[in-house]
Amino acid sequence: MISSDLEQSKRRIRADKKRARRQLAPSQQKRASQQLCKRIASSLTFITAQRVALYWPMGGEISPLPLLKHPTARHKQWYLPVIDGENMQFFRLKPGDRLQHNPFGIAEPEHRQVLPIAGWQLDMVIVPLVAFDPQRNRLGMGGGFYDRYFALRPGVIKRPILMGVAHECQRAEKLPLEPWDVPLQNIATDQRWY
Ligand SMILES: Nc1nc2c(c(=O)[nH]1)N(C=O)[C@@H](CNc1ccc(C(=O)N[C@@H](CCC(=O)O)C(=O)O)cc1)CN2
Ligand SMILES: Nc1ncnc2c1ncn2[C@@H]1O[C@H](COP(=O)(O)OP(=O)(O)OP(=O)(O)O)[C@@H](O)[C@H]1O
């Protein structure tokens with residue numbers, strides 16, 4: 001087994017960090033999410049972004065949802081990931097939209113526009129992650145959805161800005177890198193920027 005060392009190390013880090021974030025008390029979760037959203041809301045990336053994708057949190061993930069109600073966010077258009085088999089697309093989320101659960105138990109918009117938005121039309125994507133390191137490397141749930149979605153983005157194009165978000169306790173010293181890993185422009189936690 002050639003891949004075993006790397007795979008094993010990724011498996012271990014995923015298990016560790018999923019446990020760490022699930023163990024945060026509801027009050028800690030709430031406070032962390034508020035701190036995170038305050039940090040993001042004061043960033044130029046967010047202030048100037050018109051079309052922003054975020055995610056519906058699950059399993060102890062830090063919640064980006066307070067951003068939806070932030071005073072500076074009133075004129076933004078919001079998008080959520082929708083998965084279909086191995087594919088992921090982003091669909092518009094409007095106030096009052098009904099949501100439904102996908103097979104992973106993650107909420108998605110129930111009634112969708114016919115076509116998803118094209119990735120390059122998004123200004124900013126708030127990217128969930130399981131673990132990160134100070135070099136802004138990311139380890140996700142293991143489905144490869146975000147890596148595949150952004151794989152086609154040519155290096156010269158800076159749009160959308162990919163902003164990873166996490167609890168500070170999801171920081172790892174150094175993550176094993178895969179050739180397909182898509183770099184994040186920055187990572188925000190409840191504590192600081194990376
Ligand atoms: N909130 C959120 N939405 C997201 C992602 C994410 O990481 N977080 N994704 C980022 O790619 C995509 C979904 N990716 C996923 C990939 C794997 C599993 C999964 O393996 N779930 C297992 C066990 C969950 C666990 O270990 O905690 C399962 O449902 O059995 C779930 C989602 C799109 N939407
Ligand atoms: N650009 C790509 N082209 C083809 N396959 C890919 C690509 N990116 C990722 N994959 C596949 O996805 C699988 C999962 O990748 P990885 O373990 O890096 O996921 P992840 O980044 O943790 O997950 P996610 O992005 O869903 O949160 C890999 O085994 C790989 O085969």
Side-chain angles (χ1 to χ4, degrees), residues 6 9-24 28-49 51-68 70 72-73 76 78-81 88 90 106 119-120 122-151 153 155 157-194:
L6 194 83
S9 133
K10 283 169 66 170
R11 246 201 314 278
R12 200 173 306 131
I13 298 170
R14 277 198 185 97
D16 266 12
K17 297 305 183 186
K18 281 184 186 176
R19 192 182 328 109
R21 72 186 182 187
R22 263 200 312 265
Q23 280 175 348
L24 297 170
Q28 285 174 299
Q29 282 280 352
K30 189 167 174 203
R31 195 174 141 75
S33 159
Q34 285 165 347
Q35 287 171 326
L36 172 84
C37 291
K38 212 169 123 184
R39 182 159 289 113
I40 294 175
S42 62
S43 71
L44 201 58
T45 302
F46 182 76
I47 292 167
T48 57
R51 296 172 171 155
V52 183
L54 38 53
Y55 62 89
W56 204 269
M58 51 125 182
E61 285 174 337
I62 196 161
S63 174
L65 298 182
L67 287 173
L68 294 169
H70 198 273
T72 62
K76 297 193 193 303
W78 298 98
Y79 295 83
L80 275 182
M88 178 174 75
F90 290 92
I106 306 169
W120 58 268
L122 291 165
D123 298 310
M124 172 183 183
V125 178
I126 297 177
V127 181
L129 53 84
V130 174
F132 69 94
D133 69 20
Q135 283 71 51
R136 303 190 197 97
N137 298 309
R138 163 183 185 269
L139 188 62
M141 291 292 288
F145 290 101
Y146 281 85
D147 287 330
R148 279 195 304 274
Y149 187 86
F150 291 108
R153 191 173 71 148
I157 297 183
K158 287 285 187 291
R159 232 160 70 125
I161 302 273
L162 304 181
M163 184 184 287
V165 297
H167 291 286
E168 187 63 36
C169 65
Q170 289 167 248
R171 185 174 93 187
E173 213 170 291
K174 197 170 188 324
L175 289 178
L177 266 189
E178 302 276 19
W180 55 77
D181 284 335
V182 174
L184 302 170
Q185 268 92 347
N186 40 43
I187 293 177
T189 71
D190 47 317
Q191 303 286 320
R192 54 170 281 195
W193 288 105
Y194 288 90

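In terms of heavy atoms, Leu184 sits closest to Gly164 at CD1-CA, 3.9 Å. Here the shortest heavy-atom pairing between Trp180 and Asp147 reads CD1-OD2, 3.5 Å.
By the 4.5 Å heavy-atom criterion applied to side chains, Arg21 and Gln170 are counted as neighbours. The side-chain heavy atoms of Trp193 and Asn186, taken from C-beta on, include a pair separated by under 4.5 Å. Pro176 has its side chain within reach of Ile13: a pair of non-hydrogen atoms, C-beta onward, lies under 4.5 Å apart. Considering only heavy atoms from C-beta on, Lys17 stays 4.5 Å or farther from His167 through its side chain. With a 4.5 Å cut-off on side-chain heavy atoms, Ser43 and Met163 count as touching.
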For residues 59-67, tabulate all N or O donor-acceptor pairs below 3.5 Å that involve a side-chain atom, not counting sequence neighbours.
| unit_1 | atom_1 | unit_2 | atom_2 | d |
| --- | --- | --- | --- | --- |
| Glu61 | OE1 | Met58 | N | 3.1 |
| Ser63 | OG | Leu65 | N | 3.1 |

Taking only distance into account, with no hydrogens and no angle test, what donor-acceptor pairs under 3.5 Å do side-chain atoms of residues 124-138 form with protein atoms, sequence neighbours excluded?
| unit_1 | atom_1 | unit_2 | atom_2 | d |
| --- | --- | --- | --- | --- |
| Asp133 | OD1 | Gln135 | N | 2.9 |
| Asp133 | OD1 | Arg136 | N | 3.3 |
| Asp133 | OD1 | Asn137 | N | 3.1 |
| Asp133 | OD1 | Asn137 | ND2 | 3.2 |
| Asp133 | OD2 | Asn137 | ND2 | 3.0 |
| Asp133 | OD2 | Leu175 | N | 2.9 |
| Arg136 | NE | Gln185 | O | 3.4 |
| Arg136 | NE | Tyr194 | O | 3.0 |
| Arg138 | NE | Pro128 | O | 2.9 |
| Arg138 | NH2 | Pro128 | O | 2.9 |

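Shown here are the salt bridge (charged side-chain N to carboxylate O under 4.0 Å, His left out) partners of Asp190, two or more places apart in sequence or in another chain: there are none.
Judged by distance alone, with hydrogens and angles left aside, the side-chain atoms of Tyr149 form a donor-acceptor pair with the main-chain N or O of Gly119 at under 3.5 Å.
Atom CZ of residue Arg171 and atom CD of residue Gln191 lie 10.0 Å apart, to the nearest 0.5 angstrom. Note: Ile187 CD1 to Glu168 CD = 10.5 Å, rounded to the nearest 0.5 Å. Here Ser9 contributes atom OG and Arg14 contributes atom CZ; the two are 9.5 Å apart, rounded to the nearest 0.5 Å. A distance of 3.5 Å separates CD in Glu178 from NZ in Lys10, rounded to the nearest 0.5 Å. To the nearest 0.5 Å, atom CZ of residue Phe150 and atom CG of residue Leu162 are 5.0 Å apart. Rounded to the nearest 0.5 Å, atoms CD (Gln34) and CG (Leu36) are 11.0 Å apart.
Using cut-offs of 30° and 60° on the angle between ring planes, the pair His70 and Phe46 is perpendicular.
Of the candidates Lys76, Arg51, Arg159, Arg159 is the only one forming a salt bridge (charged side-chain N to carboxylate O under 4.0 Å, His left out) with Asp123.
Taking a 6.0 Å sphere around CZ of Arg31, one finds it holds 12 or fewer heavy atoms contributed by other residues, nucleotides or ligands.
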